Structure formats: C-alpha cells, structure tokens
**Q** 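If you scroll down you'll find the structure; I have some questions about it.
All values derive from a computational prediction rather than experimental measurement. Lettering follows sequence order; numbering is per chain, from 1.
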There are 2 protein chains.
Amino acid sequence: MQMTDCAACPLQKRRMFLPFTPEEIAFMRAFKTGEAVVRPGETLLAQGERSERLYTVLEGFATRSIQLEDGRRQVVNFVFPGDFLGLQAGIMGEMRHSVQATTPMRVCIFQRSRLWDLFRDKPDRAYDLTWLAAVEEHFLGETIATLGQRDATERVAWALARIWQRLSALGEITPDGVALPFRQHELADALGLSKVHTSRTVSQLRALGLLVWRRGRLNMPDPARLFALAGLPMEREEQRPLI
Amino acid sequence: MQMTDCAACPLQKRRMFLPFTPEEIAFMRAFKTGEAVVRPGETLLAQGERSERLYTVLEGFATRSIQLEDGRRQVVNFVFPGDFLGLQAGIMGEMRHSVQATTPMRVCIFQRSRLWDLFRDKPDRAYDLTWLAAVEEHFLGETIATLGQRDATERVAWALARIWQRLSALGEITPDGVALPFRQHELADALGLSKVHTSRTVSQLRALGLLVWRRGRLNMPDPARLFALAGLPMEREEQRPLI
DNA sequence: CGACCTGTTGAACCAACTCAATTTAGGTGG
DNA sequence: CCACCTAAATTGAGTTGGTTCAACAGGTCG
C-alpha cells in the first residue's frame, strides 16, 4: 500500500485544521510509520488492549464506545476525520474504550514508543496534543451535562447539531445537507435512549420541521431553531491542530 | 499568608502520588506563584471566565459543574486533593465549567502564561500533565457510560464507590469509614437524578446493608458487594503524578 | 428559640422502556 | 427485472423507573 506524504496530507485541505509549518511536516513525516484501511464494523482499538499504535483519522467515521460487564454499550462520542486515537493506551497503557469503524476509514499510524520523543523534541506538538485532549475533555463534559439533564428531544437535537457542526466544519456540507454516517441505533447508544424512543423522538423533530433525515442524508431547514433547542451557540468552531 | 514550600508539599506524604525528584521540586518552586484559601461555596473558577491562573488542590474538596442556559446544573465530577484545575482555560482560553468549593480548601497557584514554559523546558512535566488529562478523559467516559446505561441504584453505588476509592487512596480512611464531603444534593446533580430519588436510592442501599452514611460519614460494611454493583474492579489505583 | 438546611416519606403523574408486529430500503442472486 | 433476504426504522400498547409536589423530621447555628 502506498502511503500519503504528510506534505500532501488530505486533511490539510480542510480549513478547520491549522496548516502545518514546514518544520511540522518534516517531523510528522518521521513520526508517521504507516497507513491503514479499515472496513466498516472493524475494531480499530479494543477496550482492554495495550495498543502499540496511535492513529490519526484521514477519512471515514467511527464510534468510541464502552462496553459494560453485562454487555450494555455506551457510545462515548463519534469519531471524525482529523481525530487522534489511542492517547489513552499511549499514555495510560490500556484502552478503556473501543473504537469501531462505521464507514470505510483510512488512518495514519504512529508508534506509541515515539510519543515520548514528541514531548522531548517537539514541545509545540506536545502542546497541540494536550490542546486536543483539553478540547476532548470539554466535549465529554458537555455530553455528561446532556445525558444528566436534558430530555430525549433535547438530547437528539444536541447530538445532531454537534454532528452537523463538525461535518460542516469539515466542508462536507451541500445544499441538501450532509451525509450522516451514523444510524439511529448508534445515536440511541450515544444518548442513553432506547432505539424505539430515539426513532419516535426523531420523527417528532421531523414533524416540527426541524430536520430532514432520510437514507443517510441529514438536512436542517432551520438550523437556528435546532441549535437553540440543543442549547448550543451557532458560532463556527475555531481551527484545531492536526497531529 | 505564608506559602508552603514544594519540598515540604503535604500531598507528597500521601502515597497515591509519585514522589518529586529534586529537579522537579526546583521546577515546581519556580512554577508556583502563590497559594490561596477558599471557603465553602466559593467559586474558584467560573464557567465562561478566562482565568489567568491554574491551581493544584492541596486540601479540601470541590465540584466541577456545568450550568445550562436555563439554570439546570450538572456536576461533571468531584475534585479531590492533588487535582489540577484550570487546564481548559489554560489551553483553550475559556473555562467551560465552574469549580466550587464544598469544604474549605487550600490551593497552589500557577500562572497560565508559564504553561508554555513547562512544555518547552520540562517535557517530563508536560507528559505528566497530559497523563492527568488522559486519566480525566477516562473518568469522564466512565461517567458517560454510567449516566447513559445504568439505573439509579447502580449510579449511586458507582459514585460512592469511586469517591470511597479516591478517599482511601488519599489515606483518609479510618475504621468507621471516610468523611464524605458531599451532600446528597450534589450526588443527585452528578448522577442526573432528582434529590428525592437519590435519597430513596441511598436508603435502599442502606437497607441492603451495603452502606452506612450518616452525618457526613460513609462506611461500607461489604465493599466487594458494593463495587460489584457499581461495576467496578476493586484494584487499588496506580500512583499518579502531581503538578 | 426560630430559621435554615438536609434528608425522608407519601401520592400522583409522566417520560421513556419493553415487547411485538409491520413497513421500508438496500443488497444479492436467479 | 423480479424474488428474496436482511438490516433499519416505524408504530401500537402496556409497563415502570424516576419525577414532581408537598408535607414533615432532625440537626445546626446565630
């Protein structure tokens, strides 16, 4: 398999990411040790595993999820192009959640053993990594607030608004909306709702004219109203570093 | 006010923290710019604020919470001695949650502007900081799984087990249990339950002989059963770095 | 002592769940 | 192109876990 050169990283074309400096390109080239293709349904990182690899998503979508002892599953969040995976195993030794592809994916591979070099030699890259971790922490906190305080309608609105936001930041938006890579089943698992109730809630939002979601395409006739219901501001997210 | 010298840091006595190397002591001494006392109920960091300060908790307990637009409040997690506060504002610019003291606290103060120096000059300290962020991320994920999947009984068991675990790692445990610095009200806000139902659930656990909780003291007659109900392993947590 | 805060208990209600049946949409092979 | 199969989504009906409202008990403190 041929490996994409970091100088030509396809993610760099998306304006949601900060551009690499020439120095960063040189470093990332050395840091990157490979590339992989993942098929839908495959597990990229498994809960409990001590992975030696870290990944950056080049293309495709996934879920991060936690499996409880008795089989119940919670989707912790959704994974998009540009996301960095495996920091937990990289730093803590063991993954506490799994990452499963929902669409075909392409990922960059890094070696866990080189993570320390990054901290030692490239403080700016280390800072960026911590930046990503801090942003992640913020999202997880928001998720906790959503699961703890909001009702089904608000939860669904929130999740779809967040996904919409991220997809449009990636430039995946067209006049008839975005391609939604997740199923209601995954949405339900992410929101702590049953599939049935998720379906009912979605149709309710549809009936209110707040969304059109058919055959994997999502559109929002009136984003402002949906975002308001979701308790989210409509601002564009700031650019984020890429690792 | 007199300032504790890092060489005599009271947290170092607790065996849950990795001991400082002499070099680390030297660095922390320079990094630390002050100390503060906080009274119960005071807000140490406020949601939306661009704090110039970072803190490490020396003593006392707090909650991190998110306030929704309409006033609903979600406790994201509980804060214990040794916790590092303000990374979000430090890195992302703005706090997305508040930190409120529930008991009197004593905290170390650092300057946000020096955070970058830490990455540039002390990669090992930067690594530790990221380690803390990764652990935090793991806990938040577990919280999401709890709120999304577990019922009231399991949630309460989980929260009390986690608090118990942390307090005993801090060495705060005596033959008649631990001093619990939080009220049922805060527990309810952390678990997404009403106060009333939290109370009922606690009494149910009491009736099962799984816990004794009166006047701010918590004891667990049979920790193994409670931990099993909480879906948690009983292992001791590994030592963590201190910043 | 009164005021306040924390926690407990009862009763009525409702949001979300479960179980089960049905429809819709893709995908595959003849 | 149709027949068939499977996965995803929808709908109905009955149940339940948790909520709300309200009253009350126990401790603590000025």
**Q** For Glu235(B), give me all partners under salt bridge (Lys or Arg N to Asp or Glu O under 4.0 Å), at least two apart in sequence or on another chain.
**A** none
**Q** Just verifying a value: how many Å separate Leu193(B) CG and Gln184(B) CD, rounded to the nearest 0.5 Å?
**A** 11.0 Å
**Q** How close or far is atom P of dC29(D) from atom CZ of Arg215(B), stated in whole angstroms?
**A** 11 Å
**Q** Using a 4.0 Å heavy-atom cut-off to protein, can you give one letter per nucleotide of nucleotides 7-13 of chain D, 5' to 3': B if the base is in contact, S if only the sugar-phosphate is, - if neither?
**A** -SSBBBB
**Q** Measuring from the side chain of His197(A) (C-beta onward, heavy atoms only), which nucleotide among dA25(C), dT19(D), dA16(C) has the closest atom?
**A** dA16(C)
**Q** Whether the Arg217(B) and Thr174(B) side chains hold a donor-acceptor pair (N or O, under 3.5 Å, no angle test) is what I'd like checked.
**A** yes
**Q** Does one side chain, of Arg106(B) or Thr4(B), offer a donor that lies under 3.5 Å from an acceptor on the other?
**A** yes
**Q** Return the value, rounded to whole Å, for the distance between atom CD of Gln204(B) and atom C1' of dG17(D).
**A** 11 Å
**Q** Starting at atom CG of Leu205(B), determine the distance to atom P of dT8(C), rounded to an integer number of angstrom.
**A** 12 Å
**Q** What does Gly192(A) touch in the nucleic acid at a heavy-atom separation under 4.0 angstrom: a base, only the sugar-phosphate, or nothing?
**A** sugar-phosphate
**Q** What parts of residues 143-160 of chain B reach DNA chain C, counting only heavy atoms under 4.0 Å away?
**A** none
**Q** Can you measure from CG (Asn219(B)) to CD1 (Ile173(B)) and round to the nearest 0.5 angstrom?
**A** 7.5 Å
**Q** Taking Asp70(A) for its side chain and Arg72(A) for its backbone only, find out whether a donor-acceptor pair lies under 3.5 Å.
**A** yes
**Q** Of the nucleotides dG26(C), dT19(D), dT28(D), which one has an atom closest to the side chain of Leu193(B)?
**A** dT19(D)
**Q** Distance only, no hydrogens: is a donor on one side chain within 3.5 Å (strictly under) of an acceptor on the other, for Trp158(B) and Glu142(B)?
**A** yes
**Q** Can you classify the ring geometry of Phe61(A) versus Phe80(A) as parallel (below 30°), tilted (30 to 60°) or perpendicular (above 60°)?
**A** perpendicular
**Q** Closest nucleotide of DNA chain C for Gly216(A) versus for Thr201(A): which of these residues is on the 5' side?
**A** Thr201(A)
